[in-house]
Number of protein chains: 2
Amino acid sequence: MATEEPPWLDEGEWRAWVAFASVLVRLPAVLDARLQRDAGVSHFEYAAMAALSEAPERTLRMSDLASAADGSLSRLSQVVGRLEKRGWVRRTPDPADGRYTLAVLTDDGWDKVVEAAPGHVRAVREFVFDPLSKAQVRQLTGIGGRIMRAIDPDCYAPGRPQAGK
Amino acid sequence: MATEEPPWLDEGEWRAWVAFASVLVRLPAVLDARLQRDAGVSHFEYAAMAALSEAPERTLRMSDLASAADGSLSRLSQVVGRLEKRGWVRRTPDPADGRYTLAVLTDDGWDKVVEAAPGHVRAVREFVFDPLSKAQVRQLTGIGGRIMRAIDPDCYAPGRPQAGK
DNA sequence: CCTGTTGACTTCACGCTTCAAGTCATCGGG
DNA sequence: CCCGATGACTTGAAGCGTGAAGTCAACAGG
């Protein structure tokens, strides 16, 4: 029963895959390049600061920030080191439990996010939402959810009725 | 006219973006990890060898191979160097024009592709096509095409009637 | 034939990511 | 109070990607 499925892609799947695989490679590349050019930060740095900017007290534990930004703790530690050198983030041991380290977005860091966000949103709109119809946006939501649940069933519940923030 | 569009994402777009952005980060990561674990090659190395395996004579000029594999010439040059050391690819100056370099897939390289392909297809099926309905696969084709055309209008014509290979 | 130009590829230095230790604070058991 | 275990983070070496500069073959003009 291990090989219930056809081993190869049929023509419809193949067409979908060539188109989608290109998107997987090129879309992150152009979004990264825009962010780098317009704001001088990588997408991962931006994601980390954006996550902090939405957190209470603009503060998050390193490990929570790592998963919020979809990266390893090691990677995050180095990135936060760079952001700290640029004055956008500060690190403090958690007063409640010294094993944790808290990352805090500074006022300069907040300003940086506010400066970078509109350009990033504009890029996302230009390459993703402008070319799509309203129906396709709905379809994309469903498709993205299905694929994410296949990759990581714990990432979020399927029919969560609450409005996400 | 520069700011015709709303600067922010509405709720439907935002939900689509959170789901899709995660896919953009995690799907390449899991596919890469599978390929690395099962066949010991990176996705880019696999893509390069797969492109060669489908080319006439299993041969392509370096620059054509670079664009077929969606990477810079510089990156490709290094990867082909590594593949050559492993005996899977050979480099020859083009007899017709010495400015070009031809990359040729060796028999060992062919075997490697044949060995790696089923696992890769299985992974793509597991994470992309199994969780989607037939209708969603069609939708994904349309969405992917639209986004790609926004990124690179020259990448392929919209309604090309010819069956792509 | 010589020379400058073009374009394809290669190489090098640098920055980033990863993987495998290493450090440090806390907790539970003697 | 001490001691080992656990878990959160940090660090260091190694590998990979990028951008700039270098090499080399072919061509076009004198």
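In what follows, chains carry the letters A, B, and so on, assigned in the order in which the sequence lines appear, proteins first and then strands, with residues in each chain numbered from 1.
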Starting from [X] and following side-chain heavy-atom contacts under 4.5 Å between hydrophobic residues (I, L, V, M, F, W, Y), which residues can be reached?
{"X": "A:Trp88", "result": "A:Leu35, A:Val41, A:Phe44, A:Tyr46, A:Met49, A:Leu52, A:Leu60, A:Met62, A:Leu65, A:Leu73, A:Leu76, A:Val79, A:Val80, A:Leu83, A:Val89, A:Leu105, A:Trp110, A:Val113, A:Val114"}
{"X": "B:Leu102", "result": "none"}
{"X": "B:Val25", "result": "none"}

Using a cut-off of 4.0 Å between protein heavy atoms and nucleotide atoms, how would you tag nucleotides 2-17 of chain D 5' to 3' with B, S and -? ------SBSB----SB
Quick one: which residue pairs count as a side chain to side chain donor-acceptor pair (under 3.5 Å) with a foot in residues 60-84 of chain B, not counting sequence neighbours?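 Pairs touching residues 60-84 of chain B that pass the test: B:Glu84-B:Arg91.
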Round to a whole Å and report the spacing from [atom1] of [X] to [atom2] of [N].
{"X": "A:Arg37", "N": "D:dT18", "atom1": "CZ", "atom2": "P", "answer": "18 Å"}
{"X": "A:Asp97", "N": "C:dC24", "atom1": "CG", "atom2": "C1'", "answer": "12 Å"}
{"X": "A:His43", "N": "D:dT18", "atom1": "NE2", "atom2": "P", "answer": "17 Å"}

Quick one: side-chain hydrogen bond (donor to acceptor under 3.5 Å, both in side chains) partners of A:Arg138, sequence neighbours excluded?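 Testing A:Arg138 for side-chain hydrogen bond (donor to acceptor under 3.5 Å, both in side chains), a comparison that skips the adjacent residues, returns none.
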